[in-house]
Amino acid sequence: MNIFAAKLNYDTTDETLQAAFEEFGEVDSAKVIMDKFTGRSKGFGFVEMSNDAEARNAINALNDSELDGRTIVVKVAEPKGDRPQRRERY
DNA sequence: ATTGAGCGA
């Protein structure tokens with residue numbers, strides 16, 4: 001399950017995010033989106049959890065909770081885009 | 001408001 005976490009502290013990094021979610025289950029991967037030009041956090045990130053039950057549990061527990069002093073919002077991630085940008089061509 | 005980046009054959 002893909003999880004979206006917003007309103008993160010700019011100090012929050014992948015490790016911080018992953019550590020927080022790991023309290024509730026197996027984290028497949030965690031990533032805080034960083035601005036590639038400034039290198040600063042964009043204030044939100046994504047966490048992937050292989051176990052849906054744990055994922056939902058983590059969302060409930062972490063949503064509206066505090067991380068690095070910031071009250072964050074955690075929810076199921078929305079798909080990046082609907083229609084395929086590129087079609088596979090072989 | 002609060003939805004990314006990367007990349008092989």
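No experiment lies behind these values; they were computed from the predicted model shown. Labels below follow one simple rule: chain letters A, B, ... track the order of the sequence lines, proteins then strands, and each chain is numbered from 1.
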In residues 35-48 of chain A, which ones come under 4.0 Å of DNA chain B, going by heavy atoms?
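Residues of residues 35-48 of chain A under 4.0 Å from DNA chain B: Lys36(A), Lys42(A), Phe44(A), Phe46(A).
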
Rounded off to whole Å, could you give me the [atom1]-to-[atom2] distance for the [X] and [N] pair?
{"X": "Ile3(A)", "N": "dG4(B)", "atom1": "CD1", "atom2": "P", "value": "17 Å"}
{"X": "Asn9(A)", "N": "dT2(B)", "atom1": "CG", "atom2": "P", "value": "14 Å"}
{"X": "Ile33(A)", "N": "dG4(B)", "atom1": "CD1", "atom2": "P", "value": "8 Å"}
{"X": "Met34(A)", "N": "dG4(B)", "atom1": "CE", "atom2": "C1'", "value": "13 Å"}
{"X": "Lys31(A)", "N": "dA5(B)", "atom1": "NZ", "atom2": "P", "value": "8 Å"}
{"X": "Leu8(A)", "N": "dT3(B)", "atom1": "CG", "atom2": "C1'", "value": "12 Å"}
{"X": "Asn63(A)", "N": "dA1(B)", "atom1": "CG", "atom2": "P", "value": "18 Å"}
{"X": "Asp14(A)", "N": "dG4(B)", "atom1": "CG", "atom2": "P", "value": "16 Å"}

Considering residues at least two apart in sequence or located in another chain, which fulfil the side-chain hydrogen bond (donor to acceptor under 3.5 Å, both in side chains) criterion with Ser65(A)?
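Counting only residues at least two positions away or on another chain, Ser65(A) forms no side-chain hydrogen bond (donor to acceptor under 3.5 Å, both in side chains).
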
Can you sort out the partners of Asp68(A) under side-chain hydrogen bond (donor to acceptor under 3.5 Å, both in side chains), two or more places apart, ordered by chain and number?
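Here the qualifying residues are Thr12(A).
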
If you check the Ala77(A) side chain, which of dT2(B), dT3(B), dG4(B) turns out closest?
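Ranking dT2(B), dT3(B), dG4(B) by closest atom to the Ala77(A) side chain puts dT3(B) first.
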
Could one point to a donor on the side chain of Lys7(A) or the base of dA1(B) with an acceptor on the other under 3.5 Å away?
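Side chain to base: no pair present.
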
Working note: Glu48(A) + Met1(A), criterion side chain to side chain contact (heavy atoms under 4.5 Å, CB included); need CA distance, chi angles, decisive distance, verdict.
CA-CA 6 Å; Glu48(A) 287 182 52; Met1(A) 167 157 269; over 6 Å; no

Qualifying residue, where the test is side chain to side chain contact (heavy atoms under 4.5 Å, CB included) with Val74(A) and the options are Val47(A), Asn60(A), Leu8(A), Asn63(A)
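Passing option: Asn63(A).
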
Check the hydrophobic clustering (I, L, V, M, F, W, Y; side-chain heavy atoms under 4.5 Å; chains of links allowed) and say if Phe44(A) and Val27(A) are grouped together.
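As far as the 4.5 Å side-chain criterion goes, Val27(A) and Phe44(A) are not connected within one cluster.
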
Minimum heavy-atom separation for Leu62(A) to Ile72(A), with atom names?
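Of all heavy-atom pairs spanning Leu62(A) and Ile72(A), the closest is O-CG1, 3.7 Å.
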
